[in-house]
Trainee: 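Dropping a structure here in structure tokens format, bear with me for questions.
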Amino acid sequence: MDGACISKKSNKKNQKKGQDTAVQGTNDSSVVSKLSAAAQGYFQDDLLQHFVCKASRRAPLINRGYYIRWKAVDHCVKLFLRVTESCARRQILSLGAGFDSLYFRLRAERALEHVVVFEVDFPDVAKRKAALINSSVLLKDALVENNLSAQAGPVFVRSAQYNLLGVDVRSETEAEQVLSTAGLQWDCPTLILSEVVLTYMETQWSDSVIGWAARLLPQALFVMYEQIRPDDPFGRVMQNHFVKLNSRIHALCQYPDTSAQTRRFLQRGWEKCVCLDMNQFYFNFLSEDERERVEQIEPFDEYEEWHQKCSHYFILTASNGSLTSPALLIPPEDSLVPQMFPDLEPFSLKAHPLPGAVCVEGLGMASSSGLQPGLLLLSGGSRRQGRDSAATVLIREGADWTSLPVKLDSDKGVRLYHCLTSVPEWGAVVTGGRTSPLNPMDSVLKVTHSLSDQTDPRTVRLSVEKMVCTGQSPKPRWRHTATLLHHRGRRYIFVFGGRTEKEPVLGDAHFLCLEDSHWTDVPVEGCFPEPRHSHSSCSYRGGLVIFGGLDQRRIPLGDAVLLEPMSTGFVWRKLQIQPALVARYSHSAHVIGENLVVVGGVWLQADGVPGVAIINLTTGGSTEINIDTSSIPWPLMLHSFCSELLDSEGAELVLLGGGGNCFSFGTHLNPHPVTLDLRPLFRALSQSQTNMNI
């Protein structure tokens, strides 16, 4: 064999070793995150601390993410133990167990009658875990009939109920031999656990593990927790994160959704299989009381990131044999998040970067196009460096755009999820917002502008002053809407919905008269819309239309409600949408003619991400269109963003900001504005209407 071939093989071996080491490193990070969630009270596990050298408190989003992972696996473990409780012997085989505390926790709960636990991981990981166990009197005393002499691989800990093995499960022959030596009985009811393990293997090897497990264990329940949906913006950020860690995730590319994962197991020898994403598990298998308890533990306002994280992980149960089939995760028929399959139009709307040297990033910003033509105002939001007290003005000069930061007083400019309502011939009004989930803003600000050089829009100056408002002001809130209305010759800011630091959702409505800066009562009849936040509200025919949002249960809404003017005030009327749209929130919306154009957002009941939805406000007819982002060189996240029409005909939209903290994968913020040309959409709708008339 020549030197080049030897070198090539050596490099490949070193690369594989490096990848295995990186994968082992994910164990250390994972157990710290689990301990953080347990320490905050998301679940009870006092034994995790024995496997962590240095504890660290994680962000609330990460704590919730590890809670739902722990809860889903624990749910399946308890199901298995319940349906096999009459068996003389039961087994748990944990693949890639890392520093999991499952055995010690179940023993403390007295849940291990007739149960033997086998944990398998890389020899280096198993050796480290064995050392931690032997250095703890509490853990060592939890081992029944412990054989202290078995401290060398592949069996690092041997006892009557717990065995820790160092073996690479990619080798079927080696795994079978070591497990047999350790005492695994292949014909006994066995629970196989795999928490984010197989996906780190090349797909041929993970498929092989699934196959040999089905073949060798005829009475088994396989429980797997892994990632899915690699191709949407969140999925791309997720994949890039693991690539940077040198621990690429493989299987989700070949098995990108729950249906593909289900087929994968059925094709490799498993008799039955159910696969749910974590939104489905959270809303269908946790009680309302439990969800309420979890959501009260820490101040939290990252709904978009939470729901997206849950949509990119799944819990799967596959079974062989009659004993384990009852432990499958069967969702209820009246699911809180029933799967929907939107009927998409055969064309897409193409997104393009906004022309010019414009760099604008941030989430939770607000925008206004009401200062003057060719000028857009962005305020507040959170950026990479934190909350910003500067506003940004985007200026159109010919075909290109430029951006100009404008410094504001710090107490006036720092806020997120507020409203910036355009008031023609005046400027804009700022209502609500927050600096943190514990600090909502109660001030109302008036924004006006001037040019020091009337011929140069780059000399724009903003004036921001606090409005002194009389009357009964609404509770300080954020994630609300504030819409300009006219009633009996007077202008009003109509504030609806949102949330407070104590109330997760609001359904009240308030009128601020701009002529006298007075919060006043205007008669409103009809059935008020369901309380919500993160919805949209647009002026329409002297009233407005509200769409979507998150409800009291933190489930998206898909309704459209009109507030219509009357001689005495206004009346609410619900619009019947046909076909029903997939519910969503954190979107933007504009009324163009008789159509409500809804852009982006977050949904739970469908695959992919929302594009553009059109609702005819006269007929209630609706349609869904994808957004083609092939011209955008970064993942385009359309939530926590804002948008503005660039022309009076509604032919072009600009989408500004957006993104968020992507679980533990880092922060992604859209770096540049993008535009959507809506003309193909309205041409298609016009042609469709013509054909219907014919």
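Owing to the predicted nature of the structure, the values given are computational and were not obtained by experimental measurement. Every heavy atom of this structure was used, including side-chain atoms; hydrogens, water molecules and symmetry mates were not.
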Trainee: Counting only heavy atoms not in Gln204 (residues, nucleotides, ligands), do more than 12 fall under 6.0 Å from its CD?
Mentor: yes

Trainee: So, for His75 and Phe285, is the gap between ring centers shorter than 6.0 Å?
Mentor: yes

Trainee: Would you check, one step at a time, whether the test ring-ring contact (aromatic ring centres under 6.0 Å, His included) holds for Phe104 with Tyr162?
Mentor: CA-CA 9 Å; Phe104 300 95; Tyr162 176 74; 5.4 Å; yes

Trainee: Would you call the rings of His307 and Tyr585 parallel, tilted or perpendicular, taking 30° and 60° as the class edges?
Mentor: perpendicular

Trainee: Using 0.5 Å steps for rounding, measure from the CG atom of Leu198 to the CZ atom of Arg264.
Mentor: 6.5 Å

Trainee: Taking the cut-offs as 6.0 angstrom to the six-membered ring centre and 45 degrees off its axis, would you call Lys129 and Phe156 a cation-pi pair?
Mentor: no

Trainee: Honestly, is Arg291 close enough over Phe283, meaning NZ or CZ under 6.0 Å from the six-membered ring centre and within 45° of the axis?
Mentor: no

Trainee: Can Lys34 and Asp45 be counted as an ion pair, charged N to O under 4.0 angstrom?
Mentor: no

Trainee: Measuring centre to centre across the rings, with the benzene-like ring taken for any Trp, is Tyr225 within less than 6.0 Å of Trp70?
Mentor: no

Trainee: In this structure, which one of Thr667, Ile62, Leu669, Leu363 forms a side chain to side chain contact (heavy atoms under 4.5 Å, CB included) with Asn661?
Mentor: Thr667

Trainee: Any chance the rings of Phe242 and Phe665 have centres within less than 6.0 Å?
Mentor: yes

Trainee: So that I can tick it off, tell me whether Lys78 and Glu109 are bridged by a salt bridge, with the cut-off set at under 4.0 angstrom between side-chain N and carboxylate O.
Mentor: yes

Trainee: Tell me, please, whether Phe663 has Lys309 positioned over its six-membered ring: NZ or CZ under 6.0 Å from the ring centre and within 45 degrees of its axis?
Mentor: yes

Trainee: Calculate, to the nearest 0.5 Å, the distance between atoms CG and SG belonging to Leu316 and Cys273 respectively.
Mentor: 3.5 Å

Trainee: Is it true that Glu503 and Arg499 make a salt bridge, defined as a side-chain N closer than 4.0 Å to a carboxylate O?
Mentor: no

Trainee: Tyr313 pairs by side chain to side chain contact (heavy atoms under 4.5 Å, CB included) with which of Gln227, Glu226, Arg69?
Mentor: Gln227

Trainee: May I ask you to say whether Arg434 pairs ionically with Asp301, meaning some side-chain N is under 4.0 Å from a carboxylate O?
Mentor: yes

